[in-house]
2 protein chains.
Amino acid sequence: MQMDERKRRILRAIIDDYILTGVPVGSRTISKKYETGLSSATIRNEMSDLEELGFLDQPHVSAGRIPSAKAYRLYVDSLLQSGVIPDDSAESVLGHFSGRIHQMEDVIDHAARVLSSLTQYTAVVLSPKGMEPRLQTIQLVQISMGSALVVIVTDQGVIRDSVIRISPDVDGDTLYAISRTLTNELRGCTLSEACRMLPELIRRMEGNDEVLRGLYGYFTEGQQTPRSTHVAIGGTSNMLNYPEYSDVDKARNFLSLMETRDKLAEIVRGNGELAFTVRIGPETGVPEMADCSIVTASYSTRGGQQGTIGVIGPTRMRYSRVISILNMMGHQLTDMFTGEDEEHPDGNKG
Amino acid sequence: MQMDERKRRILRAIIDDYILTGVPVGSRTISKKYETGLSSATIRNEMSDLEELGFLDQPHVSAGRIPSAKAYRLYVDSLLQSGVIPDDSAESVLGHFSGRIHQMEDVIDHAARVLSSLTQYTAVVLSPKGMEPRLQTIQLVQISMGSALVVIVTDQGVIRDSVIRISPDVDGDTLYAISRTLTNELRGCTLSEACRMLPELIRRMEGNDEVLRGLYGYFTEGQQTPRSTHVAIGGTSNMLNYPEYSDVDKARNFLSLMETRDKLAEIVRGNGELAFTVRIGPETGVPEMADCSIVTASYSTRGGQQGTIGVIGPTRMRYSRVISILNMMGHQLTDMFTGEDEEHPDGNKG
DNA sequence: TGTTAGCACTCTTCCTGTGCGAGTGCTAAC
DNA sequence: GTTAGCACTCGCACAGGAAGAGTGCTAACA
């Protein structure tokens with residue numbers, strides 16, 4: 001048996017209807033609501049074929065049909081093939097970042113909120129992750145007698161800061177001198193390289209070894225607990241709006257997955273740095289998400305690192321809408337993270 | 001009618017049982033499970049009295065009784081009066097902060113996780129909030145040609161950082177000089193005072209006005225969008241473990257309340273800076289939380305600011321356990337935030 | 001006077017059976 | 001190839017009934 005154009009059209013109608021309503025759709029519904037020009041009996045025959053082909057499932061004999069993961073896959077593929085659909089509400093993404101927000105983490109949090117409220121699904125935004133960051137500047141700032149703040153600037157603009165203890169009689173100027181030396185010596189190194197080089201430096205810069213030793217402890221500690229990527233989540237409770245999650249057990253499983261941010265980040269980040277992915281049901285590879293779909297897009301920062309934005313919803317997700325919103329949002333974030341720091345907004349590039 | 005000792009004992013048994021099981025408790029249960037030496041009939045009479053006094057509710061005529069908010073209040077008050085109960089598992093709090101964690105936000109996140117996993121309820125931890133912070137150090141760190149990082153250290157140890165644009169030909173030494181001047185001039189000011197003083201400073205430090213202007217923009221912007229307190233939440237999904245929230249609508253309401261962190265912070269922070277509060281059901285003042293209780297404790301930082309840790313659970317919460325865990329955790333955090341920065345851990349306070 | 005045993009009564013919960021409606025599959029006619 | 005018709009299936013909602021838990025009341029007892 002073969003898929004012909006008519007089968008495709010009917011399948012699409014079924015998916016559309018199921019996405020809208022969430023209840024199994026019957027032959028009569030398709031024949032009446034969608035101008036197919038066919039009677040329900042014909043639709044029934046086609047549906048029977050589609051089921052045999054693996055595109056439809058039947059919860060029980062007298063219920064309608066629901067689309068299988070395979071059907072969604074076909075649907076999404078044809079959606080993507082025909083180009084990203086400009087959605088009615090997509091342009092409203094643009095309005096949501098009017099006020100300048102400086103901190104990257106704030107932007108990410110905000111993006112997650114906007115994304116979830118636009119899509120009405122759960123949104124996840126991951127901070128960029130690229131190659132291992134390389135040191136650019138190390139600066140020690142005195143906070144009080146006996147303690148100093150370490151500020152480390154890397155080429156990714158990622159800033160790690162922490163307080164270390166120093167001798168009370170080290171003053172600001174000394175700290176500045178140490179900072180300069182460290183910056184000169186360690187610029188361009190990765191953090192792990194810096195770790196290896198520090199003992200040597202400590203030997204050479206005797207007299208300030210106490211400061212450096214504190215720093216060393218900080219570095220090695222930072223190594224073993226690497227600052228994980230920032231994960232922002234929005235709209236976890238949205239998931240409860242869908243009958244798929246009216247079962248409390250399911251809801252709990254889902255929510256506790258959302259709480260373990262590391263695992264979640266791993267799942268959302270997925271297999272690669274693809275610009276765009278749609279994973280449907282079992283394709284997510286996570287048993288807890290067997291009836292979820294994950295749509296992700298990426299955005300880039302100045303250094304060329306890729307961040308990820310994603311939407312998690314039921315498999316009967318409004319794919320076209322979600323895809324177009326993610327698309328817009330990805331571009332918007334890329335613009336923010338690349339454009340804003342290079343030039344004044346009123347000037348042109350070049 | 002009066003409360004006598006026996007009524008009190010029976011009420012306590014009812015509350016204990018209801019907290020344990022979550023189902024209305026009958027007279028027979030009390031008479032058999034708790035060694036009262038009384039028959040179920042007697043208990044019934046007492047229960048009838050307790051209901052008349054407003055301590056018990058009856059869902060329907062042939063169900064057992066459940067404690068009212070008033071009953072919990074009595075229960076908690078007597079609990080607090082008799083001193084904080086040392087709980088079997090409370091000491092395990094101590095183990096959870098073994099590895100040094102430096103960033104305050106990380107500590108707070110971690111505390112929320114630990115708190116929720118120990119109590120099996122939802123935990124909320126708020127960063128300290130005190131008087132308006134006063135500037136201690138301002139440091140400009142060159143990141144790349146044309147941009148610098150502003151690091152502001154306040155007496156609360158709160159660090160605000162952001163990137164500003166500077167002229168490409170300003171070098172690190174100049175930035176350091178500017179930083180020193182700024183620190184000297186502005187130390188001890190609040191942020192808003194600094195805002196007012198900056199124009200004057202810009203006039204005086206001509207030549208570097210471009211840097212300062214960028215800084216000025218940063219300050220004024222920071223003023224209008226004050227960095228809100230950090231809110232960490234843990235174990236939101238724990239709430240679904242309790243039959244009280246097997247209703248999806250209730251669960252959704254609760255969860256979406258958890259998502260609006262600002263509002264949540266306001267609720268948890270509550271009325272004052274009391275060391276310890278227990279708000280039961282309606283006492284929370286939030287309709288969505290009519291069948292929740294909120295227990296909070298506070299911790300202090302070096303500057304004497306108060307942070308808040310809280311646990312949100314069903315009204316039939318294991319109060320004594322929660323109170324003792326919160327108590328321990330509060331002390332632990334206070335120790336971390338005050339002790340650690342003052343002295344080496346191996347030394348005694350002088 | 002306080003306590004207890006006994007009993008009728010109430011109300012929920014669970015189970016079962018039944019009718020209804022939605023939807024299918026098949027067959028025969030067009 | 002399409003469609004109308006019909007028998008059939010299955011879930012769902014609802015009603016009725018049995019079981020169980022728990023109460024309130026009364027009368028007897030220490």
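Labels below follow one simple rule: chain letters A, B, ... track the order of the sequence lines, proteins then strands, and each chain is numbered from 1. Computed from heavy atoms alone, side chains included, the values below leave out hydrogens, waters and symmetry copies. Here the structure is a predicted model, which is why all the values come from computation and not from measurement.
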From CG of B:Asp57 across to C1' of D:dG22 the rounded distance in Å is 16 Å
From the options B:Lys33, B:Arg12, B:Arg316, select the one residue that forms a side chain to side chain donor-acceptor pair (under 3.5 Å) with B:Asp17. B:Lys33
Can you list, in residue-number order, the parts of residues 3-18 of chain A that come under 4.0 Å of DNA chain D, counting heavy atoms only? A:Arg6
Let me check I have this right: for DNA chain C, each base becomes ., (, ), [, ] or |, based on Watson-Crick or G-U pairs with both distances under 3.5 Å. What is the full string? ||||||||||||||||||||||||||||||
Compare side-chain N and O positions of A:Ser39 against OP1 and OP2 of D:dT3 and report whether any pair is under 4.0 Å apart. yes
Minimum-distance pair of heavy atoms, taken over all atoms of A:Phe254 and A:Cys292: CE1-SG, 4.1 Å
Is B:Ser68 reaching over with its side chain to a backbone N or O of B:Phe55, donor-acceptor style, under 3.5 angstrom? yes
Distance, rounded to the nearest Å, where A:Ile43 contributes CD1 and D:dT2 contributes C1': 11 Å
Check this for me: does any side-chain nitrogen of one of B:Glu5 and B:Arg8 sit under 4.0 Å from a carboxylate oxygen of the other? yes
Along nucleotides 11-30 of chain C, 5' to 3', which nucleotides get a B, which get an S, and which get a -, given that the test is a protein heavy-atom distance under 4.0 Å? BS---------BSBB-----
With B:Ser27, the side-chain contact (heavy atoms from CB on, under 4.5 Å) member among B:Glu46, B:Arg65, B:Lys32, B:Arg44: B:Arg44
Test side-chain contact (heavy atoms from CB on, under 4.5 Å), reference B:Val25, set B:Leu56, B:Ile30, B:Ile66, output is B:Ile30
Electrostatic pair B:Lys250-B:Glu244, nearest N-O below 4.0 angstrom: no
Checking B:Asn241 side chain against B:Asn238 main chain: does a donor-acceptor pair fall under 3.5 Å? yes
Lys/Arg-Asp/Glu bridge criterion (N-O < 4.0 Å) met for B:Arg113, A:Glu259: no
Has the side chain of B:Tyr121 got a donor or acceptor atom that lies under 3.5 Å from a matching backbone atom of B:Ser117? no
